[in-house]
Asker: 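Please read through the structure below; I'll follow up with questions.
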Amino acid sequence: MLKPEPMQRILVVGPRQLLEGCIEVLHDLKLVHLRDYTGEDPELKLGKPLPRASEMSEVLVKLRSISKVLGLGQVEGMEEVEVPPDAAQRIRSLETNIAEEDASRKKVEGLLADLGQGMAALEPFAALGIPLDLYRGYTSLEVFVGRAVLELEGLETVAPHMEIFRADDVVALFVEKSKGAEIREFLGQRGFSPLAVPQGEGDPKARLEELRRERAKWEEKLEEINRRLQTLRERYAAFILRAEDKFAEEIEKAEAPLRFATTTHSFVVEGWIPARASEAAQSKLEALGPIFVSFGEPDEHEDPPVLLANPKPIKPFETLLNVYSTPSYREIDPTPLLALFLPFFFGFMIGDAGFGVVLVLFGLWGLRNLKPGAFRDIMYVAFVGGIVATIFGLVVFGEAFGIAFHPGGVPGEARHVTWEDFGIFVPLRPIIEKTATQSVTTMLLLTIVFAWVHLSIGYVAGIVNEAHHNKRHAVAKVGWFMVLLGLFMTVLARVSGNPIARFVWTYILPIPRSGPYAVGFLSTLLGFEFPLVALVLLVAGTGLALLESYIAPVEVGGLLANLMSYARLAGFAIGEGIIDATVTTLIFDNFVLHHDILTAVAGFALLFGAFLIIFPLGALGAGIQALRLNYVEQFLKFFRGNGIPFRPFGVKKTTEA
Amino acid sequence: MADAGLIAMAAGICMAGTGIAAAWAEKVVGGAAVGAMAEKPELFGRGLVLMVIPETIVIFGLLIAILLLGHIA
């Protein structure tokens, strides 16, 4: 915890004939992060892939084309299948078979598309019912066929001698050739869209019927092909997917020498290994024969890959940390801090026992049903956040599903529905009534206390990080820590009458701050007793911070902005609380309490719908805000990131979320 | 108090102004972040961080509005 797994440099040198065995061992170990050799030494050449690599790549390409044709990849619940030694041969013949089926499927699909087009062109003519050969071949007549959306009023005046056929909106018009141009213009103005007369002769209905029969025949054929492919899919899906994995793995092994340095008779492998595993690796490699294995500690300028080592309950938070950045090898791993503060802030903002329980159940569902991965990790975070929200809802804010346990004790506040209205008496009194106007100051002050704790921890982590790195910067961080304390005291002095401020002054910062310990002129200027300690901290802290940068005095304003940024916690908690209270009160007063049963059912449906909108949006918002306070406000105080994630040889690359 | 209406309006303008400002800033940052993510999906985390930075503007507005409203009572 707090530090990544210690790494050691591993160097393996051996004769060429042991290369394959060595690759096998390294691959099975799944603990060595290879350092790619880039050919920097003229004596050592890049290795060549094992001879079987090209054949395997060819088979893998065939496999991927098969699984594309069969639409594999989303197949769930596959049973484990052994890949037989003659797999390559079987895959080749399977591929020929499937490629053939695929080609005929494509051909039939093309034919069907053509048929469909031909039928679409024939349909309007079938409706008119005139034999196709009668549309052409006239010397004195011009024929217009098309769709007329508007009425063709006044057509007779343009062409007194004409014959017109209609079926729905399809119109066939036979007119004298001399009137052709006029008619064309007339039709053009009325949105007439001409249709091309299909080739062929005879009754269009009969032809359409013929095409229909043909289409049915081909459709049957297509179905047959699809059935055959489906059979192949059912029979081979497991084998193909398993073989894909297997061949990808074999290719990784066969191409590994490309990452090694070689001479004519020997090879050199360099990489990183967790220190705890080096002994096991050494004995396994040396068992192969005359192989030289050596280990070394990373030196100052090296950046070993980072394998975070957190206990299981906080491991899922690593996913959220990696979204931001992987810590570098030599700095504090902030996962435990994230695991502590993220659910705390989230729970504070939700602060409702009912929604908390819903989140817990939702998280549990995800943990049971999702495969390990980023989504499952996020479900776990929701689960922990839900527990904290439930505790806040029960103990601090006293509400469940947006309904307070008891009526508010403050006169003049708007009335809300409470659990007591339903005859449920919860034996817990809220510590803070978050929807009451007078609680706003308390809530804001509480967030300032959270901010101070959160940011102070950030600075302490910064001091530890910089202590190994740059002493001057470490001292500057101490300065910032002091400035933060000074700012915190200033805010507290401003509202010293508030119970939370009193609590902090009494139990956390019991220092004299009034009378001779206050700064006279500042107290007069600001209108409250300004503690001398705060002034000293601010001035001395800023002085130390100057060691880091010359603009430190300006950045004090930035730190104040950071402190105020935590007000979002209160803003969100109060906002959510008031929306929930309003919605529940409106619905219960107007639909449920003292109403008949049908109205009450409608009311509950409405309430459910309202919660369905409010709650997920609230949870998403609270999650992002809580994450932001960690990412932006705290991490920027100490976290550099940009570490190289530990990706051992032999472990499949997982795609990032 | 005669000024109560003015104070309330000032608080309202505070919220509206900072809200619009935050939205504007997020629009710019969000568009650029999505553009960057299209090229490098692993920038999601950085994008999210940059995206939520301007939200602080509206928090300042909220604080000032609360302070203003405190003068009515």
Side-chain angles (χ1 to χ4, degrees), chain A residues 318-326 338 374 412 437-445 447-448 451 491 494-495 498 557-558 560-575 620-621 623-636 639 641-642 645 654-657, chain B residues 1 4-5 7-73:
Chain A
E318 287 177 3
T319 301
L320 286 175
L321 181 70
N322 286 328
V323 166
Y324 184 83
S325 188
T326 304
L338 197 61
T437 318
Q438 57 143 37
S439 307
V440 173
T441 322
T442 307
M443 289 288 277
L444 284 177
L445 208 53
T447 65
I448 302 243
V491 175
R494 165 85 173 69
V495 288
N498 188 283
L560 187 63
N562 283 161
L563 264 179
M564 282 160 59
S565 185
Y566 287 75
R568 75 189 62 228
L569 292 171
F572 218 93
I574 297 171
L620 187 70
I624 290 181
Q625 300 299 342
L627 208 53
R628 178 226 137 97
L629 287 178
N630 284 287
Y631 279 178
V632 180
E633 262 70 31
Q634 196 193 37
F635 281 6
L636 292 183
F639 187 49
N642 271 336
T654 46
T655 36
E656 293 280 315
Chain B
M1 198 203 247
I7 292 175
M9 267 167 69
I13 292 170
C14 233
M15 286 312 300
T18 49
I20 292 169
W24 192 299
E26 282 194 13
K27 175 199 135 185
V28 178
V29 179
V34 170
M37 264 167 63
E39 283 189 15
K40 274 180 91 180
E42 62 271 26
L43 285 176
F44 174 76
R46 304 279 167 89
L48 185 73
V49 171
L50 291 173
M51 175 83 205
V52 293
I53 282 179
E55 267 174 16
T56 317
I57 300 172
V58 80
I59 307 284
F60 295 158
L62 177 74
L63 281 177
I64 303 292
I66 289 172
L67 289 179
L68 280 172
L69 289 178
H71 285 280
I72 294 182

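Residue numbers start from 1 in every chain, and the chains themselves are labelled A, B, ... in the order their sequence lines are given, proteins ahead of strands.
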Asker: Keeping the roles fixed (side chain from A:Ser325, backbone from A:Asn642), state whether a donor-acceptor pair exists under 3.5 Å.
Answerer: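 Side chain of A:Ser325 to backbone of A:Asn642, a donor-acceptor pair under 3.5 Å: yes, one is there.
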
Asker: Counting only heavy atoms closer than 4.5 Å, note whether A:Ala570 contacts chain B via side chain, backbone, both or neither.
Answerer: neither

Asker: Is the shortest side-chain N to carboxylate O distance from B:Glu55 to A:Arg628 below 4.0 Å?
Answerer: no

Asker: Please rank B:Leu50, B:Leu43, B:Val58, B:Ile53 by heavy-atom pairs under 4.5 Å with chain A and give me the top one.
Answerer: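 Winner by heavy-atom pair count: B:Ile53.
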
Asker: Do the rings of A:Phe635 and A:Tyr324 sit parallel, tilted or perpendicular, given the 30° and 60° boundaries?
Answerer: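 A:Phe635 and A:Tyr324: perpendicular rings.
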
Asker: Do any side-chain atoms of residues 9-24 of chain B form donor-acceptor pairs under 3.5 angstrom with protein atoms, and if so which ones, sequence neighbours left out?
Answerer:
residue, atom, partner, partner atom, Å
B:Thr18, OG1, B:Cys14, O, 2.6
B:Thr18, OG1, B:Met15, O, 3.2

Asker: Below 4.5 Å from any heavy atom of chain B, which atoms of A:Leu320 appear? Answer side chain, backbone, both or neither.
Answerer: neither

